[in-house]
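In what follows, a structure is listed as structure tokens, so that the remarks can point back to it.
The model shown is predicted, which means the values in this text are computed figures rather than measured ones. Numbered from 1 within each chain, the chains take letters A, B, ... in sequence-line order.
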2 protein chains.
Amino acid sequence: MSLQHAILGFLSSKPMSGYDLKKIFDQSVRHFWPANQSQIYRELSRLTENGLVQQEVIQREDRLDKKLYHITAAGRDELHQWISTPLPPQDYRDPALIQVHFGSRMNDEELIALLKHELTGLEEARNQFAAMYEMYQRLLAQQQGRSDLFFSILTLEYGILTNQATLKWVRSMLERLESGVYDPLSYDELTI
Amino acid sequence: MSLQHAILGFLSSKPMSGYDLKKIFDQSVRHFWPANQSQIYRELSRLTENGLVQQEVIQREDRLDKKLYHITAAGRDELHQWISTPLPPQDYRDPALIQVHFGSRMNDEELIALLKHELTGLEEARNQFAAMYEMYQRLLAQQQGRSDLFFSILTLEYGILTNQATLKWVRSMLERLESGVYDPLSYDELTI
DNA sequence: CTGTCCATGTAAGGCGTTACATGATTGT
DNA sequence: ACAATCATGTAACGCCTTACATGGACAG
């Protein structure tokens, strides 16, 4: 139900079309909840059926119709209920960890190449996060208090911190594999 | 295809039944690839159809039949190919971050309660990781080199590091919300 | 006699991905 | 002319979840 509630969240600021929603998803929550176009249209249909949003058809002479979705009172209740209710522990899935787990089926060369590839991806993500963070900080400076922008920054912080932790991990694996010292990390090295 | 390859990975050590696989998944890779029983049986059927594993039926007088799955030569090739091929960047999804992102739709009390709940879950996870890590370290001390156990420990390290990063994040959000200081983290605080 | 372990499966439904389908407007 | 942007949807497929279904052995 997360996608439906994310959509309700965006519509709670202002009415939007499916197209608008796709854009705002890509710009703001993609790093923790990617959504594609067909999903968004499907969920909008379901939300409409369930009375949580209402469709307004905007007819335009020169262009195709545009459909604006408005959140209803029931939708606002549902959104508030959901965002303030603790979630059950979530499953985590990462195929790269399966590769590491069966690392003994590879030779050093293959394994090191794999990890270097991971490293490159993590560094790219780090740079993107850093650029977004700087931009958001600049925007926040022009506001104050407990704004939507502040909460956006919080989710970015999460991305940055876990990215850093993962970078640290991949680098330490590379060091160990390249030096041939197959030791686990110490308590100190594991403590952030 | 990750689940199929994880199954091939386990079967590359020794033949197992679906039941055995479910147990070993829960004991070793659950923290990065949970699998349930019905998935495992379905993937075993597919792997058999595709000639990557072979079924051996063990008849037992007193009990129900047991089906042991053996990896085939084709299965070993496929496993090696997959584990040594870099993966495309993976999507990450976490509904708790949607809740944080729309944090302005909650009051401080609700938000703080939510984060404290998150904190409790993270602390439980940390304790479980710590217990596993200690046990694995003790086992590793009786071995040497580049063993399967070493790679298991690597994946645990990942779990511990990201758990620590997330704990740090949740604690810092609680501090800020409780003190009413809505500032982003500094560069120093974000660097691990 | 109740619960846990051993052991294997099916069915239904939800969510996500990819590809397909259509078509106008605006900028280079 | 061509690409990008605006704009809305459908279809097929795959993976994951939950629940259902069955049944013997063994321990407390």
Counting just side-chain N and O atoms, does N36(A) come under 4.0 Å of either OP1 or OP2 of dG16(C)?
no
Roughly how many Å is it from CG in D91(B) to P in dG14(D), rounded to a whole number?
19 Å
Go nucleotide by nucleotide along DNA chain C from the 5' end; which of E43(A) and K67(B) gets its closest nucleotide reached first?
K67(B)
Over how many whole Å does the gap from L68(B) atom CG to dT8(C) atom P extend?
8 Å
Is there a side-chain polar atom (N or O) of Y19(A) under 4.0 Å from OP1 or OP2 of dT8(D)?
no
In whole Å, what is the span from the CG atom of D26(B) to the P atom of dA7(C)?
15 Å
Give the rounded distance in Å between these two atoms: CZ of R46(B) and C1' of dC15(D).
8 Å
Return yes if a side-chain donor-acceptor contact under 3.5 Å exists between Y182(A) and Q144(B), otherwise no.
no
Validation row, ring centre F129(A) to ring centre H31(A) under 6.0 Å
yes
Closest to the side chain of R93(B), out of dG9(D), dG9(C), dG16(C), is dG16(C)
Return the value, rounded to whole Å, for the distance between atom NZ of K22(A) and atom P of dG16(C).
13 Å
5' priority, DNA chain C, between Q37(B) and Q39(A) [closest heavy atom]:
Q37(B)
Would a 4.5 Å heavy-atom cut-off, applied to side chains only, mark E78(A) and N50(A) as touching?
no
Picking from dT17(D), dA7(D), dC15(C), the nucleotide nearest the side-chain atoms of D20(A) would be dA7(D)
Rounded to whole Å, OH of Y41(B) lies from P of dA19(D) at a distance of 19 Å
Starting at NZ of K66(B) and ending at P of dC5(C), how long is that distance when rounded to a whole Å?
16 Å
With the side chain of S38(A) defined as its heavy atoms from C-beta on, choose the nearest nucleotide among dT18(C), dG16(C), dA11(C).
dT18(C)
Separation of dC15(C) P from F25(A) CZ (nearest whole Å)
13 Å
No-hydrogen, no-angle side-chain donor-acceptor test under 3.5 Å, S38(B) and R42(B):
no
Hey, is the side chain of S17(B) poking within less than 4.0 Å of OP1 or OP2 on dT8(C), counting only N and O atoms?
yes
Which of parallel (below 30°), tilted (30 to 60°) and perpendicular (above 60°) describes F10(B) and F102(A)?
perpendicular
